[in-house]
Amino acid sequence: MAKSSEVVQIGGFGSTLRRDAWWAEIVPVVVLLGTFGIYATFRAFEGKFYAWGPYLSPFYSPLIDPEHHWWRFSPALLVLAGPLGFRATCYYYRKAYYRAFFLDPPACAVGEAGKRRYRGETSFPFILQNLHRWFFYVAIVFLAFLWRDAIHSFFFKDGLGVGVGSLVLTANIVLLTLYTLSCHSLRHLAGGKLDCFSCTSFGPARHTTWRCLSRLNGRHMLYAWMSLISVGAADLYVRMVSSGLLKDIRLL
Ligand code: FES
């Protein structure tokens with residue numbers, strides 16, 4: 001009988017009794033996450049075309065030392081760790097990239113490469129994934145800055161107005177907020193480790209909060225992808241306008 005720490009596997013890598021196209025699930029993850037990773041890395045190091053008029057790219061927010069008084073590299077590198085850490089340790093993304101990039105396993109009931117001891121996320125470096133609950137608090141701080149940027153995007157030099165960029169940045173922060181509020185860690189904060197809501201202080205309020213967060217949590221995967229696309233699109237829009245490739249359209 002196999003020890004509980006060993007992977008029990010019949011056949012080699014990719015062997016399965018599944019008849020469906022199990023690989024179809026990992027292809028979009030590779031394409032989307034791979035494209036975003038390459039683009040975000042390029043933009044983080046580029047260090048220019050991150051602001052135009054009242055618009056600021058979400059990759060560079062909050063903007064620290066743009067005049068390069070004490071930091072000679074791209075300002076994005078000073079703030080990258082917060083949002084990157086939050087997404088990289090997200091429960092949903094972990095499942096997605098373990099399957100799509102590590103092929104470990106590539107899908108449910110599909111053979112992985114080799115037979116080895118299974119330690120899950122109990123040893124280095126994967127034990128660091130437990131930092132997610134702390135990255136959640138960091139993400140809340142970033143959300144506050146991005147809401148400030150979205151509101152600021154309506155304040156043009158000649159007064160209050162609405163540009164396409166204002167709408168792009170606002171849509172982005174709404175999606176990022178939905179992604180953050182649907183986080184598993186927040187749902188656990190509201191109602192985890194509880195057998196009885198009415199036995200605790202603020203029980204009814206906590207129960208209502210937990211139910212609302214649970215509803216959002218059910219769509220976490222959707223918000224994860226939508227907000228990933230929106231943050232990349234918002235940065236791309238600001239970059240194009242800032243570099244002169246595109247003219248921002250003023251709607252109001
Ligand atoms: Fe995905 Fe927390 S679980 S953001």
Side-chain angles (χ1 to χ4, degrees), residues 36-37 39-93 131-157 159-187 189-190 213 216 220 223-243 248:
F36 182 84
Y39 176 75
T41 306
F42 160 69
R43 281 295 285 146
F45 281 92
E46 193 179 28
K48 54 186 180 180
F49 305 133
Y50 51 77
W52 180 88
Y55 306 155
L56 175 64
S57 157
F59 286 180
Y60 286 78
S61 181
L63 188 56
I64 302 172
D65 196 29
E67 310 293 335
H68 300 287
H69 294 304
W70 54 270
W71 178 254
R72 42 191 286 237
F73 306 105
S74 165
L77 298 175
L78 290 169
V79 295
L80 191 68
L84 179 67
F86 185 53
R87 278 206 193 248
T89 58
C90 163
Y91 290 86
Y92 166 67
Y93 281 119
L131 290 174
H132 185 66
R133 69 199 74 170
W134 301 106
F135 274 118
F136 170 78
Y137 298 118
V138 178
I140 296 291
V141 176
F142 275 84
L143 275 191
F145 280 111
L146 290 172
W147 269 109
R148 180 205 60 180
D149 297 341
I151 293 166
H152 184 253
S153 71
F154 292 90
F155 290 85
F156 293 83
K157 260 189 192 148
L160 211 55
V162 181
V164 171
S166 321
L167 301 182
V168 169
L169 292 175
T170 304
N172 176 48
I173 186 57
V174 168
L175 288 170
L176 283 172
T177 304
L178 287 170
Y179 170 58
T180 309
L181 291 181
S182 62
C183 171
H184 294 270
S185 292
L186 178 60
R187 181 171 176 264
L189 266 180
L213 293 176
L216 288 174
H220 190 57
Y223 297 141
W225 287 117
M226 288 177 77
S227 62
L228 188 87
I229 293 168
S230 78
V231 79
D235 173 79
L236 182 63
Y237 185 83
V238 174
R239 190 190 185 283
M240 291 204 294
V241 172
S242 173
S243 63
D248 182 55

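What you see is a predicted model, and the numbers here were worked out from it, not measured in a lab.
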### Query
So how far is it from R87 CZ to Y92 OH, rounded to the nearest 0.5 Å?
11.5 Å
### Query
Under the 3.5 angstrom rule, does the side chain of S74 hit a backbone N or O of A44 as a donor-acceptor pair?
yes
### Task
List the atom of H132, the atom of Y91, and the distance in Å for their closest heavy-atom pair.
CD2-CE1, 3.7 Å
### Task
Sequence neighbours left out, what passes side chain to side chain donor-acceptor pair (under 3.5 Å) with S182? Give chain and number order.
H220
### Heavy-atom pair of closest approach, residues G85 and T89
O-OG1, 2.7 Å
### Summary
Heavy-atom nearest pair, F59 first then A40, reads CE1-CA, 3.9 Å
### Task
Report the distance from atom CG of L213 to atom CG of L186, rounding to the nearest 0.5 Å.
4.5 Å
Under 3.5 Å, side-chain donor or acceptor atoms of residues 162-170 against the rest of the protein: list the pairs with distances, not counting sequence neighbours.
from, atom 1, to, atom 2, distance (Å)
S166, OG, S153, O, 2.9
S166, OG, G163, N, 3.0
S166, OG, G163, O, 3.3
T170, OG1, S166, O, 2.6

### Message
For L131, give me all partners under side-chain contact (heavy atoms from CB on, under 4.5 Å), at least two apart in sequence or on another chain.
### Response
L128, W134, F135
### Message
Can you confirm whether Y223 sits close enough to L216 that some side-chain heavy atom of one is under 4.5 Å from a side-chain heavy atom of the other?
### Response
yes
### Closest non-hydrogen atom pair between P66 and P75, with its separation
CA-CG, 4.4 Å
### Summary
Applying salt bridge (Lys or Arg N to Asp or Glu O under 4.0 Å) to R187 and not counting sequence neighbours gives none
## Note on the structure
Looking only at heavy atoms, the pair that brings N172 and S227 closest together is OD1-O, 4.2 Å
Without placing hydrogens or testing angles, list every side-chain donor-acceptor pair under 3.5 Å for residues 136-151, not counting sequence neighbours.
from, atom 1, to, atom 2, distance (Å)
W147, NE1, T177, OG1, 3.0
D149, OD2, S61, OG, 2.4

### Query
Hey, would you say the W225 and Y179 ring centroids sit under 6.0 Å apart?
no
### Query
In Å, rounded to the nearest 0.5 Å, how long is the span from OG of S230 to CG of L176?
5.0 Å
### Query
What pair of heavy atoms forms the shortest contact from W71 to L77, and how long is it?
CZ2-CB, 4.0 Å
For residues 231-239, tabulate all N or O donor-acceptor pairs below 3.5 Å that involve a side-chain atom, not counting sequence neighbours.
from, atom 1, to, atom 2, distance (Å)
D235, OD1, R43, NE, 3.2
D235, OD1, R43, NH2, 3.1
D235, OD1, S57, OG, 2.5
D235, OD2, Y39, OH, 2.5
D235, OD2, R43, NE, 2.7
Y237, OH, D248, OD1, 2.5
R239, NE, E46, OE1, 2.9
R239, NE, E46, OE2, 3.4
R239, NH2, E46, OE2, 2.6

